Chemist: 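Mind having a look at this structure? Questions to follow.
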Amino acid sequence: MAIAQEKMTKVCVFLERYTLPPTPLNYQVIYAYTSQTNLKLNKALDRAIAVEDNIDSVLIEQLHSEFLNTGHKAQVNMIQNVDGVINSLSQNSQATEKQIIRFAGQVSECVHSLDENNIEQSRQALEVLNNQTAELLNQHKQFKQELSKAKQLHEKTQKQLTQLRKQHIIDSQTGLYKRHYLTQQTQVWTNQQKSICAIAIQIDNLDHFTKNYGDIIGEVILSKVAKQVQKYVFQSGLPGRTAKDQFTVLLADIDPDTANVIAEKVRNGVEKLRFVSSKTGIKLPSIGLSLGIAQHQQEDDFNQLAKKASHAAFKARSLGQSSYTAGQ
């Protein structure tokens, strides 16, 4: 009891230290961290703390997805197994159908080659053979009906998996990709030897909106900016939410200059947004963005790339610029 109480105290201290809300997911991850039951989780979080990453709910959700959420992988494996069974059934059905057609053809040939001296005996034999063929065809028809039901079940399960996958990789508040998906995609593009750029989009005054106009207005601002990000980069890159007030866009086979052009389009789109309080009619302040651009190096993973882009965004803000490219 004393040990459990001590762990709970450590969890609460950690949550308070990094201003994390006491949600079930945050509690689960930090409890596993303080209990040291998942060495990979501890190593990842210790590394994030050591390099002074932003320890927020977005990062905690990424750690949960990578190290604690085993259910999604099990569901994917299950559907893959179902895929294999359905494909096998379909192939067997096609092979059986060909065999039956061939068998029916042989019967037809047999009819034409009957011995006229044994007509009655041959007729009886053919009748039996025809009955067997009809029974076989009926069995095959039933098999196809069962296969059709199995396919319908498979399609339904596939839709459910698609929805689960969407929940797994899409941030429900913004509609953009979650951090762990960007991590995976960076590794995929790196393995394909693609050049990668990242754009960090920092909402400078989100806290101002939240503190002065309430959480709902803060969420509206976040959602509206996310839609502008999605509008300008969804076809050319992968936009994701990587912090409470920051988005990161991954772009493949695009140089930093082109990434800067895309970033400016996002900024211009956000600048056009106007908000008026429905209660007071007061015009709300404009949204301030800082943009940072970084190019992926071969030794970088997503966290390193995103951090370089984030630092570039803070650099842009400190210099009073709209954007800044790392390495300039």
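It should be emphasised that the depicted structure is a prediction, and the values quoted were computed from it without experimental measurement.
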Chemist: Taking atom types as modelled, is there a side-chain donor on D171 or T174 under 3.5 Å from an acceptor on the other?
Modeler: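 Distance-only check passes for D171 and T174.
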Chemist: Counting only heavy atoms not in E16, do more than 12 fall under 6.0 Å of its CD?
Modeler: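 No, CD of E16 has 12 or fewer neighbouring heavy atoms, counting only those of other groups under 6.0 Å.
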Chemist: What is the minimum heavy-atom distance between Y213 and L284, and which atoms define it?
Modeler: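 What the structure gives for the nearest pair is CE2-CD2, 3.4 Å.
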Chemist: How far apart are the C-alpha atoms of V29 and F14, what are their side-chain angles, what is the distance that settles it, and do they pass the side-chain contact (heavy atoms from CB on, under 4.5 Å) test?
Modeler: CA-CA 11 Å; V29 172; F14 189 101; over 6 Å; no
Chemist: Any chain of hydrophobic side-chain contacts (each under 4.5 Å) joining V233 to I203?
Modeler: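 Hydrophobic grouping puts V233 with I203.
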Chemist: Establish, from distance only, whether the side-chain atoms of H296 and D300 form a donor-acceptor pair under 3.5 Å.
Modeler: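 Side-chain D/A pair, H296 to D300: absent.
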Chemist: In Å, rounded to the nearest 0.5 Å, how long is the span from CD of Q304 to OG1 of T186?
Modeler: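 Separation between the atoms: 11.0 Å.
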Chemist: Once side-chain hydrogen bond (donor to acceptor under 3.5 Å, both in side chains) is applied, do any residues pair with N268, and if so which ones, sequence neighbours excluded?
Modeler: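 Partners of N268 under the side-chain hydrogen bond (donor to acceptor under 3.5 Å, both in side chains) test: none.
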Chemist: side-chain hydrogen bond (donor to acceptor under 3.5 Å, both in side chains) with T34: which residues, sequence neighbours excluded?
Modeler: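 If we apply the side-chain hydrogen bond (donor to acceptor under 3.5 Å, both in side chains) test to T34, skipping adjacent residues, there are no hits.
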Chemist: State which residues pass salt bridge (charged side-chain N to carboxylate O under 4.0 Å, His left out) with E271; sequence neighbours excluded, sorted by chain then number.
Modeler: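 Checked E271 against salt bridge (charged side-chain N to carboxylate O under 4.0 Å, His left out); matches are R267.
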Chemist: Drop me the distance from L305's CG to C197's SG, to the nearest 0.5 angstrom.
Modeler: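 Here the rounded value is 8.0 Å.
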Chemist: What I'd like to find out is whether the side chain of D253 reaches to under 4.5 Å of the side chain of W189, using heavy atoms alone.
Modeler: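 No, too far: nothing below the 4.5 Å cut-off.
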Chemist: Y177: which residues meet the ring-ring contact (aromatic ring centres under 6.0 Å, His included) condition with it, sequence neighbours left out?
Modeler: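 Result, ring-ring contact (aromatic ring centres under 6.0 Å, His included) vs Y177: Y181.
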Chemist: Could you measure the distance from the OG atom of S310 to the CD1 atom of I199? Nearest 0.5 Å is fine.
Modeler: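 Here the rounded value is 13.5 Å.
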Chemist: Taking all atoms of both residues into account, what is the closest heavy-atom pair of N42 and Y33, and its distance?
Modeler: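 In terms of heavy atoms, the two residues are closest at ND2-O, 2.9 Å.
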Chemist: Taking ring-ring contact (aromatic ring centres under 6.0 Å, His included) as the definition, give me every residue that meets it alongside F314, ordered by chain and number, with sequence neighbours left out.
Modeler: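 F314: no ring-ring contact (aromatic ring centres under 6.0 Å, His included) contacts found.
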Chemist: What I want to check is whether the side chains of R241 and Q246 have a donor and an acceptor closer together than 3.5 Å.
Modeler: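 There is no such pair (donor and acceptor under 3.5 Å, judged by atom type) between the side chains of R241 and Q246.
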Chemist: So, using side-chain hydrogen bond (donor to acceptor under 3.5 Å, both in side chains) as the criterion, who are the partners of E219 when residues are at least two apart?
Modeler: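 Applying side-chain hydrogen bond (donor to acceptor under 3.5 Å, both in side chains) to E219 gives none.
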Chemist: Search all heavy atoms of L182 against all heavy atoms of G240 and return the closest pair with its distance.
Modeler: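 That closest heavy-atom pairing would be CD1-CA, 3.8 Å.
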Chemist: Check whether L251 and V188 end up in the same hydrophobic cluster, where Ile, Leu, Val, Met, Phe, Trp and Tyr are linked by side-chain heavy atoms less than 4.5 Å apart.
Modeler: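 In one cluster with L251: V188, no.
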Chemist: Go through the structure and list residues passing side-chain hydrogen bond (donor to acceptor under 3.5 Å, both in side chains) with S322, not counting sequence neighbours.
Modeler: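 E264.
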Chemist: Which residues pass the salt bridge (charged side-chain N to carboxylate O under 4.0 Å, His left out) test with K10, sequence neighbours left out?
Modeler: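 By the salt bridge (charged side-chain N to carboxylate O under 4.0 Å, His left out) rule, K10 matches E6.
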Chemist: Report all side-chain donor-acceptor pairs from residues 48-63 shorter than 3.5 Å, counting only partners two or more places apart or in another chain.
Modeler:
from : atom 1 : to   : atom 2 : distance (Å)
N54  : ND2    : D56  : OD2    : 3.2
D56  : OD1    : V58  : N      : 3.2
D56  : OD1    : L59  : N      : 3.0
D56  : OD2    : K244 : N      : 3.1
S57  : OG     : N26  : ND2    : 3.4
E61  : OE2    : K178 : NZ     : 2.6
Q62  : OE1    : R179 : NE     : 2.9
Q62  : NE2    : E66  : OE2    : 2.9
Q62  : NE2    : T183 : OG1    : 3.2

Chemist: For the residue pair N38 and F67, what are the closest heavy atoms and their distance?
Modeler: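 That closest heavy-atom pairing would be ND2-O, 3.2 Å.
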Chemist: Look up atom CG in D46 and atom NZ in K43, then write down how far apart they are to the nearest 0.5 Å.
Modeler: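 Here the rounded value is 10.5 Å.
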Chemist: Can you measure from CG (L176) to CD (Q173) and round to the nearest 0.5 angstrom?
Modeler: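 Going from CG on L176 over to CD on Q173, the span is 10.5 Å.
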Chemist: Checking D245 now: which residues fulfil salt bridge (charged side-chain N to carboxylate O under 4.0 Å, His left out) with it, not counting sequence neighbours?
Modeler: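 In terms of salt bridge (charged side-chain N to carboxylate O under 4.0 Å, His left out), with neighbours along the sequence ignored, D245 is linked to no residue.
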Chemist: Using distance only, find each side-chain donor-acceptor pair of residues 220-232 under 3.5 Å and give its atom names and separation, not counting sequence neighbours.
Modeler:
none

Chemist: Where is the tightest heavy-atom contact between F209 and P285, given as atom of each residue plus distance?
Modeler: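 For F209 versus P285, the nearest heavy atoms are CZ-O, 3.2 Å.
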Chemist: Check whether any side-chain heavy atom of T242 sits under 4.5 Å from a side-chain heavy atom of F302, and report yes or no.
Modeler: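 Side chain of T242 against side chain of F302, heavy atoms only: contact under 4.5 Å found.
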Chemist: State whether the side chain of N205 and the backbone N or O of H208 hold a donor-acceptor pair below 3.5 Å, judged by distance alone.
Modeler: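 Looks like no, no N/O pair under 3.5 Å.
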Chemist: Classify the ring geometry between Y31 and Y27 as parallel (under 30°), tilted (30 to 60°) or perpendicular (over 60°).
Modeler: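 The rings of Y31 and Y27 lie parallel, inter-plane angle below 30°.
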Chemist: Between A259 and I293, which heavy-atom pair has the shortest distance, and what is it?
Modeler: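 Residues A259 and I293, closest heavy atoms: CB-CG2, 4.0 Å.
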Chemist: With sequence neighbours excluded, tell me which residues meet salt bridge (charged side-chain N to carboxylate O under 4.0 Å, His left out) with D204.
Modeler: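 So D204 forms a salt bridge (charged side-chain N to carboxylate O under 4.0 Å, His left out) with R317.
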Chemist: How long is the gap from CG on L41 to CG on L68, to the nearest 0.5 Å?
Modeler: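 Result: 5.5 Å between the selected atoms.
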Chemist: Does the side chain of T210 come within less than 4.5 Å of I217's, by heavy atoms?
Modeler: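 With C-beta onward as the side chain, the pair stays apart.
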Chemist: After noting the C-alpha distance and the side-chain angles of I201 and V249, does the key distance pass the side-chain contact (heavy atoms from CB on, under 4.5 Å) rule?
Modeler: CA-CA 8 Å; I201 303 170; V249 179; 4.0 Å; yes
Chemist: Indicate if V270 and L291 have the same hydrophobic cluster label, given that clusters are the connected sets of ILVMFWY residues with side-chain heavy-atom separations under 4.5 angstrom.
Modeler: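 They do share one cluster, since a chain of ILVMFWY contacts under 4.5 Å joins V270 to L291.
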Chemist: Kindly say whether S323 contributes a backbone atom to a donor-acceptor pair with the side chain of N260 at under 3.5 angstrom?
Modeler: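 Such a contact is absent between N260 side chain and S323 backbone.
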